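Just so you know, these numbers come straight off a predicted model, no measurement behind them. Heavy atoms only: backbone and side chains are in, while hydrogens, waters and symmetry mates are out. Positions are given from 1 along the sequence.
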Amino acid sequence: MHAKSVLSLVALTTLIAGSSLTAGCKTTAEASVTEESVEAVPVAIEDPLIEEHDGGSVGWDFAADGTVKAIVKTPDGKPVDKDVSGTLTWKGPNGDAQAPLTLDAKTGLLVATGPKLEADITEVKYNVLVVGKPWNGTLHVPAGGTKVIVEGARKAEKRPIPAGKTGPNGGVIQVVGDDTVEVVADKASGQVRVYVLDANLKPVPVGDRKIKLGFVGQGSELVVLTPGPGGLYCVGKIAAKVNPVKLTVVVAHPTHADVVLVGYRPGVHVVVGPSAPSLNVVVATTWNVDVKVNAAPGVVVVHDDDDDDDDGRPVLIHVHGKHKHHKHHKHGHAHGHWK
């Protein structure tokens with residue numbers, strides 16, 4: 001019994017000594033993995049907003065405090081950790097703010113620090129140089145950063161819109177927070193409207209919602225909408241009367257704001273550039289005539305926005321009894337009457 005105990009003790013001592021010796025030695029491959037080389041491995045960005053360019057992609061992480069991280073990858077998904085730099089430009093009410101994107105050698109990420117994201121939505125333009133080739137783009141970033149867009153997309157996925165389904169006015173339907181909205185613009189006048197829809201996709205009063213739109217296409221623009229007549233929609237005007245490739249919608253409530261990138265799903269690359277598909281927002285409508293009642297009795301003023309030869313001058317319709325005599329300021333004579 002004593003002999004067995006001694007033997008066991010000797011064996012245990014040998015095993016411990018062997019383990020210590022092994023731990024103190026490294027193979028050639030293990031020795032080559034130094035602390036410095038481990039730190040240089042690119043750090044993953046959690047839930048990046050990825051934009052795909054011709055030649056690769058760039059994943060963005062904008063934080064509310066103004067810090068920015070980005071990772072550039074080749075088409076086969078390999079991180080680009082050299083010959084890459086860039087510039088960011090924040091558009092603001094008091095002018096532009098610019099910051100360089102520099103490569104962090106330890107993380108393999110492009111990093112920058114800009115102004116805090118305080119507005120419901122901020123337009124940020126970027127120029128990333130990848131081995132001398134420029135990748136340009138525009139982002140409309142919420143106050144909470146790009147993660148808000150990803151969260152909004154996850155929420156929208158729970159209430160999917162049937163593929164190819166359009167709104168009652170022919171526009172794009174999108175779930176925004178707890179709301180479902182239709183975004184549609186008139187290709188003749190550039191007037192853009194946002195309708196709030198019920199479960200049956202019928203318009204309901206907008207209420208106290210405040211809505212903004214970020215368009216990206218041939219150019220970019222941020223449009224602040226105002227309540228339309230009767231509060232049945234919000235209305236604004238776009239300068240570029242063409243379908244956008246990206247559309248960001250902000251629906252602000254008194255207590256919070258919901259933000260979505262129309263059609264975006266988490267993990268899916270947002271294609272930008274010439275090959276990007278467009279959103280069918282700009283359609284033919286009958287909104288080019290807005291009717292307003294004049295203070296003078298018996299007179300209705302019609303503002304004609306058609307691009308014809310009347311130069312957009314108002315049309316006066318004098319109402320006498322049951323008949324409305326149509327008179328145009330430009331020509332100064334009656335064109336007939338409407339019953």
Heavy atoms only: give me the nearest Ala64-Ala143 pair and the separation to one decimal.
-> CB-O, 3.4 Å
Would you give the length of the straight line joining atom OG of Ser85 to atom CG of Leu103, rounded to the nearest 0.5 angstrom?
-> 9.0 Å
Yes or no on side-chain contact (heavy atoms from CB on, under 4.5 Å) for Val111 and Thr67, after CA distance, side-chain angles and deciding distance?
-> CA-CA 8 Å; Val111 295; Thr67 58; over 6 Å; no
Determine, stepwise, if the pair Val251 / His253 fulfils side-chain contact (heavy atoms from CB on, under 4.5 Å).
-> CA-CA 7 Å; Val251 178; His253 298 266; 3.7 Å; yes
Atom CG of Leu109 and atom OG1 of Thr102: how far apart are they, to the nearest 0.5 Å?
-> 10.5 Å
Would a 4.5 Å heavy-atom cut-off, applied to side chains only, mark Val204 and Lys202 as touching?
-> no
Going from OG1 on Thr226 to CD1 on Ile211, what distance comes out if it is rounded to the nearest 0.5 angstrom?
-> 10.5 Å
Minimum-distance pair of heavy atoms, taken over all atoms of Leu117 and Ala63 = CD1-O, 3.4 Å
Tell me, do Trp60 and Val141 make a side-chain contact under 4.5 Å, heavy atoms counted?
-> no
When rounded to the nearest 0.5 Å, the distance separating CG of Asp208 from OG1 of Thr255 is 9.0 Å
Joint hydrophobic cluster, Val84 plus Trp135, side-chain heavy atoms closer than 4.5 Å = yes
Run the side-chain contact (heavy atoms from CB on, under 4.5 Å) check on Asp61 and Thr146 step by step: do they pass?
-> CA-CA 6 Å; Asp61 177 23; Thr146 48; 3.7 Å; yes
What are the two closest heavy atoms between Phe215 and His140, and how far apart are they?
-> O-CE1, 3.6 Å
Are the side chain of Glu221 and the backbone N or O of Ala240 linked by a donor-acceptor pair below 3.5 Å?
-> yes
Check the hydrophobic clustering (I, L, V, M, F, W, Y; side-chain heavy atoms under 4.5 Å; chains of links allowed) and say if Tyr233 and Ile173 are grouped together.
-> yes
Using atom types as modelled and distance alone, determine if a side-chain donor or acceptor of Asn127 lies under 3.5 Å from a backbone N or O of Asn136.
-> no
Do the non-hydrogen side-chain atoms of Asp47 and Lys147 ever get within less than 4.5 Å of each other?
-> no
Could you walk me through whether Ile161 and Val175 pass side-chain contact (heavy atoms from CB on, under 4.5 Å), step by step?
-> CA-CA 8 Å; Ile161 304 298; Val175 172; 4.1 Å; yes
Would a 4.5 Å heavy-atom cut-off, applied to side chains only, mark Leu261 and Thr248 as touching?
-> yes
Would you call Asp96 and Lys91 a salt bridge, using N to O less than 4.0 angstrom?
-> yes
Just by modelled atom types, is the Thr138 backbone N or O under 3.5 Å from a matching donor or acceptor in the Lys246 side chain?
-> yes
Would you say the side-chain atoms of Ser57 and Glu52 include a donor-acceptor pair closer than 3.5 Å?
-> no
Taking every non-hydrogen atom, the tightest pair across Arg159 and Gly177 = NH2-O, 3.1 Å
Approximate separation, where rounding is to 0.5 Å, of Ile71 CD1 and Asp104 CG | 11.5 Å
Pro134 side chain reached by Val128 side chain, heavy atoms, under 4.5 Å | no
Taking the six-membered ring for Trp, are Trp90 and Phe62 parallel (under 30°), tilted (30 to 60°) or perpendicular (over 60°)?
-> perpendicular
Heavy-atom closest contact (Pro100 atom, Ala112 atom, distance) | O-CB, 3.3 Å
Below 4.0 angstrom, N of the basic side chain to O of the carboxylate: do Asp178 and Lys155 qualify?
-> yes
Hydrophobic cluster identity match, Val235 and Val184, side-chain contacts under 4.5 Å | yes
Step-by-step side chain to side chain donor-acceptor pair (under 3.5 Å) determination, Ser220 to Lys125 | CA-CA 9 Å; Ser220 62; Lys125 293 183 177 296; 2.8 Å; yes
Under 4.5 Å between any side-chain heavy atoms of Asn169 and Thr285, yes or no?
-> no
Are Val183 and Gln174 side-chain neighbours, meaning at least one heavy-atom pair lies under 4.5 Å?
-> no
Hey, does Ile121 have a side-chain heavy atom less than 4.5 Å from the side chain of Pro142?
-> no
If two hydrophobic side chains count as joined below 4.5 Å and joins carry through other members, does Val272 share a cluster with Leu247?
-> no
d(Leu225 CG, Gln191 CD) to nearest 0.5 Å is 10.0 Å
Shortest non-hydrogen contact from Lys73 to Gly77?
-> CD-O, 3.5 Å
Would Val72 and Tyr126 show up in the same hydrophobic cluster when neighbours are defined by side-chain heavy atoms closer than 4.5 Å?
-> yes
So with a 6.0 Å cut-off around CG of Asp54, is the heavy-atom count from everything else above 12?
-> no
